[in-house]
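Take a look at the structure set out below.
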Amino acid sequence: NGQWRGIIEEYRDRLPVSDTTEVVTLREGGTPLVPAQVLSERTGCEVHLKVEGANPTGSFKDRGMTMAITRAKEEGAKAVICASTGNTSASAAAYAVRAGMVCAVLVPQGKIALGKMGQALVHGAKILQIDGNFDDCLTLARGLSDNYPVALVNSVNPVRIEGQKTAAFEIVDMLGDAPDIHVLPVGNAGNITAYWKGYQEYAADGLAAGTPRMWGFQASGSAPIVRGEVVKDPHTIATAIRIGNPASWQFAERARDESGGFIDEVTDRQILAAYRLLASQEGVFVEPASAASVAGLLKAAEEGRVDPGQKIVCTVTGNGLKDPDWAVAGAPQPVTVPIDADAAAEKLGLA
Ligand code: F0G
């Protein structure tokens, strides 16, 4: 049949697996590339959204997790561990179920969205909350995997990056070439590293004429790469990217510099404005961290840094349903009406 087979089967020759590798998959990837009409008008460019919330667990993490869990299983691991701001733990928990493995997750207490916590719980992960931030969780996860029989599936595991680079392949396959600019939210900086690797590989093999400039955006309260120093107490409403010391910091700087791009910051206010614009004007519901890419594009356009006529892809990394609090907060309350057509019509402004 013609069903999308998941990123490992679709791009097997470009990934570190052998002919005999038994693949652990939920048929991740193959996500929509959606033309963004309003963003295109605002920027004078051709803007597309790579909608990664359409992955099986609702974020781009599934691309890396199919690789990480496939390899962990191949190497005989019985248990995996990750630190997470929520999405990695949801993904690891689901793929561990498929592989028959135990999954342990370390999350910052009170700082992960309810939907993501629900996913890890329902998939049966062992969850430890840490009185600290993501960076503390990652330090602990590394220590545990160094000293105990448990495989680390954070993006410091290089096969995670291998899986995530397939998003760049899909974009070039769909557009027929690389875009001029690729825009991403940046947290632990694995994804910008992965896209840059994917674009470079396709260009090197002649499957794209060139590579895009990579534009990354951190939240202002969690912008260590922009500031050039570790942020000890990171804060932002975009909890997914609330990270003060990104593991792939140097790789992100390399992607920025080699591509001729930049890494900048956007405020929580700008993130929420982009979040509402995406939902109310493009019909795409993402989580706040995902809107950082679009907020960044709009900021750059306002600053006159976006020449018209370019092809631009913004990755929107996670599904809005994971963190619906921000959709409800500040929105008008639904009104209650009797079971009466005239009364309903009046409230709807139809009468
Ligand atoms: N967007 C979302 C929705 C994320 O969950 C993350 C990272 C990012 C963007 C940033 O990607 O870290 O590769 O730069 N979430 C990780 C997690 C940290 O634990 O789920 P990055």
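Values below: all heavy atoms of this structure, side chains included; hydrogens, waters and symmetry mates excluded. Numbering of ligands and ligand atoms starts at 1, following listing order. Bear in mind that the values here come from a model prediction, so they are computed numbers and not experimental data.
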Is R14 positioned over the aromatic face of F169, cation under 6.0 angstrom from the ring centre and no more than 45 degrees off axis? yes
Considering the heavy atoms of V186, write down every atom of ligand 1 situated less than 4.0 Å from one of them. 14 (O)
Just which atoms of ligand 1 are under 4.0 Å from any heavy atom in T85? 15 (N), 16 (C), 17 (C), 18 (C), 19 (O), 20 (O)
Taking atom types as modelled, is there a side-chain donor on R213 or Q310 under 3.5 Å from an acceptor on the other? yes
For atom 12 (O) of ligand 1, closest protein heavy-atom neighbour: N188 N, 2.7 Å
Report yes if F60 has an N/O atom closer than 3.5 Å to an N/O atom of ligand 1; otherwise report no. no
Please state whether I243 comes within less than 4.0 angstrom of ligand 1, counting heavy atoms only. yes
Check this for me - ligand 1, G187, N or O atoms closer than 3.5 angstrom, yes or no? yes
Would you say S290 and ligand 1 have an N/O pair spaced under 3.5 Å apart? no
Shortest protein contact, atom 16 (C) of ligand 1 (heavy atom only): K61 NZ, 2.9 Å
For S84, counting its heavy atoms only, list the atoms of ligand 1 lying under 4.0 Å from any of them. 17 (C), 19 (O), 20 (O)
S59 near ligand 1 by a heavy-atom separation under 4.0 Å: no
Top protein contact for atom 13 (O) of ligand 1, by heavy-atom distance: N191 N, 2.8 Å
So R305 and D264, salt bridge (charged side-chain N to carboxylate O under 4.0 Å, His left out) or not? Walk me through it. CA-CA 12 Å; R305 297 167 91 174; D264 195 1; 3.5 Å; yes
If you measure every N/O of T88 against every N/O of ligand 1, is any gap under 3.5 Å? yes
Looking only at protein heavy atoms, identify the closest one to atom 8 (C) of ligand 1 and say how far it is in Å. I241 CG2, 3.6 Å
Side chain to side chain donor-acceptor pair (under 3.5 Å) involving E265 - partner list, sequence neighbours excluded: S220, R227
Verdict with supporting geometry, W326 and Y275, ring pair (Phe, Tyr, Trp, His ring centres under 6.0 Å): CA-CA 9 Å; W326 291 102; Y275 168 84; 7.8 Å; no
Between S290 and T317, is there a donor-acceptor pair closer than 3.5 Å when you use the side chain of the first and the backbone of the second? yes
Please report which non-hydrogen protein atom sits nearest to atom 4 (C) of ligand 1, along with the residue it belongs to and the distance in Å to one decimal place. A240 CB, 3.6 Å
Is the cationic atom of R63 (NZ for Lys, CZ for Arg) positioned less than 6.0 Å from the six-membered ring centroid of Y11 and within 45 degrees of its normal? no
Below 4.0 angstrom from a heavy atom of E287, which ligand 1 atoms are there? Numbered from 1 as shown, please. 3 (C)
Which residues, ordered by chain and number, are linked to L348 in its hydrophobic cluster, where ILVMFWY side chains connect at heavy-atom gaps below 4.5 Å, directly or through other members? L350
Suppose we measure from atom 5 (O) of ligand 1 to each protein heavy atom; which comes out shortest, and what is that distance? N87 ND2, 2.8 Å
For ligand 1 and A189, I'd like to know whether there is a polar contact (N/O to N/O, distance under 3.5 Å). yes
Separation of E162 CD from R71 CZ (nearest 0.5 Å): 9.0 Å
With heavy-atom distances below 4.0 Å as the criterion, list the atoms of ligand 1 near G190. 13 (O), 14 (O), 21 (P)
For atom 9 (C) of ligand 1, what's the nearest protein heavy atom and its distance? T317 OG1, 3.5 Å
Of the backbone atoms (N, CA, C, O) and the side-chain heavy atoms from C-beta on, which set of I192 has a member under 4.0 Å from an atom of ligand 1: side chain, backbone, both, or neither? neither
Which residue in the set L278, V286, V47 passes side-chain contact (heavy atoms from CB on, under 4.5 Å) when paired with V294? L278
Atom CD in E253, atom CD1 in I263: separation rounded to 0.5 Å? 6.5 Å
Locate the shortest heavy-atom distance separating A240 from T85; write the atom from each residue and the value. O-OG1, 2.8 Å
